[in-house]
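Below: the structure, in structure tokens.
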Amino acid sequence: MLKGITRIGECEWEVPIGYVPDMRVPGRFFLSDELAPSLEEGAVRQLAHVATMPGIVKYSLAMPDIHWGYGFPIGGVAAFDMETGVISPGGVGFDINCGVRLMTTPLTADEIASNKREVIEAVFRAVPTGVGSRSSVTISSGELDRMMVKGAAWAVEHGFGLEADLACCEEQGCMQQADTAAVSGKAKTRGMPQLGTLGSGNHFLEFQVVAEVYDEAAAAAFGVEVGQVCIMIHCGSRGLGHQVCTDHLKVLEQAARRYQIQLPDRQLACAPLTSPEGEAYFKGMACAANYAWANRQMIMHSTRKVMEKMYDIDYEDMPLVYDVAHNVAKREEHMVDGRRRQLCVHRKGATRAFGPDCHDVPERYSGVGQPVIIPGSMGTSSYLLHGTETAMVRTFGSTCHGAGRVLSRTKAKKMMRGQDVRARLLKRGIYVRAHHDSAIAEEAPESYKPSDEVVNVVNAVGISRPVARLEPLGVIKG
DNA sequence: ATGTGC
């Protein structure tokens, strides 16, 4: 382990005050001995830097998928007091409300085996993918504004889903604080033609089969069983969220100076939560978060339409299990040292993992906890878990979000050829569809840590519990 | 992540 880090438990480490100057609280992260060698010193320094920010509560936290990011580490969780704390775009990330949803089908893997390629090609035609991909639906700027205010509900009202889908989204797919006045014209222009598109990079749409169930009762509540085909959708707020982040970063860099906030890294640009600049970022971020929920809702709708057409199943036979945000800041109430406190919880490459009796856990999952969805990389297992009371106590109701890269995109492209990766996966029965082979090389399984190990860690710490493992059958990449 | 970069 790195010098200066203290071991607290089997999978828990502390970054003590003093690791970098001016820390207000210690850092804490969760990591197994297996994952320890891949820990980047830069990511730990970022975790310590976050601990210097005004109003941070208890700890600067990181999940086992910690790695180096813009300002805050990816895998980072930081809660700030609503009155004395700050809000920072670096604590959310450029892809605001990058997230993932899981939908079940009534089909078994055997039932789609004979025409898997066809169905994946059909979904590939129905869901625009890739950098700069454009939507098949055109919306006016007025509609875009309404969509940014209403989120997933906008999509459902326009015929892109079921009322029941909304209850199965974090926040019902809508952050109430959205105010379109905080979204620039440029951001709107970028977002307008991209609604219902998948994007690129690590975003994907994957056909999966439930390979193993670890918790029968929770699996029954979530509606999953062994052998069943599920569809996982991973994407975010596209160009709109990226532009919202860029615009507000510029403002908050100035604001940090004006409010005389001393920052060890310019990328931690922030403003008091109570300041006009901080509030404006929050409102704009909420718009982008709502855009992302509507986006995933529309992609799921397009997928359901294809499935309905190709198989003898109804639209209603494909319920949404859940939709989680991986990149967002939220106002939440948490018990801290026996006291109820209003906090702004930043989760950057981290998943909310609320326990059984928390608010915003759908009624049908109460007693279990919210579903937590952790995608693997292309060709590796994904996991469905549930949130826990331990997460509420230890991590402001948070857990990890995925595997985390081990190879840069450039390195991956140098080391592997997309066509080879595709052929290798096909040998294992996994059909990969993308516009370009280069996208496949960048996202090869070797580019990522195994998802199994991060899931082991969060299970060991108790901040979420595995419900089921899903294995890939076929995948669409941007 | 992103109309990949001042």
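In what follows, chains carry the letters A, B, and so on, assigned in the order in which the sequence lines appear, proteins first and then strands, with residues in each chain numbered from 1.
What separates NE2 of A:His436 from P of B:dT4 is a distance of 12 Å, to the nearest Å. Atom P of nucleotide B:dT2 and atom NE2 of A:His248 are separated by 19 Å, given to the nearest angstrom. Atoms CZ (A:Arg134) and P (B:dT2) sit 15 Å apart, rounded to a whole Å. Remark: C1' of B:dT2 and CG of A:Asn97 are 16 Å apart, rounded to the nearest angstrom. Atom NE2 in A:His242 sits about 9 Å away from atom P in B:dT4, given to the nearest Å. Rounded to an integer number of Å, the gap from NZ of A:Lys250 to P of B:dC6 is 11 Å. A:Asp95 places its CG atom 6 Å from the P atom of B:dT2, with the value rounded to the nearest Å.
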Under 3.5 Å, sequence neighbours excluded: what are the donor-acceptor pairs made by side chains of residues 372-383 of chain A?
from     : atom 1 : to       : atom 2 : distance (Å)
A:Ser377 : OG     : A:Thr380 : OG1    : 3.1
A:Thr380 : OG1    : A:Ser377 : N      : 2.9
A:Thr380 : OG1    : A:Ser377 : O      : 3.0
A:Ser381 : OG     : A:Glu471 : OE2    : 2.6
A:Ser382 : OG     : A:Gln208 : NE2    : 3.3
A:Ser382 : OG     : A:Gly376 : N      : 2.9
A:Tyr383 : OH     : A:Asp452 : OD2    : 2.9

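Looking at heavy-atom distances under 4.0 Å, A:Lys186 makes contact with a base. Across all strands, A:Gln194 comes closer than 4.0 Å only to sugar-phosphate atoms, never to a base (heavy-atom distances). Residue A:Gly236 is classed as having no contact, given no heavy-atom separation below 4.0 Å to the nucleic acid. Using a 4.0 Å heavy-atom cutoff across all strands shown, A:Arg409 reaches sugar-phosphate atoms only and no base atom.
Contact annotation: A:Ser200 side-chain N/O to B:dT2 OP1/OP2 distance is under 4.0 Å.
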### Task
For salt bridge (charged side-chain N to carboxylate O under 4.0 Å, His left out), just list the numbers for A:Arg45 and A:Asp265, CA-CA rounded to whole Å, side-chain angles, deciding distance to a tenth of an Å, and then say yes or no.
CA-CA 10 Å; A:Arg45 199 171 342 110; A:Asp265 177 357; over 6 Å; no

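In this structure, the side-chain contact (heavy atoms from CB on, under 4.5 Å) partners of A:Arg331, at least two apart in sequence or on a different chain, are A:Met82, A:Gln177, A:Phe282.
Remark: side-chain polar atoms of A:His401 are paired, donor with acceptor, to backbone N or O of A:Gly349 under 3.5 angstrom.
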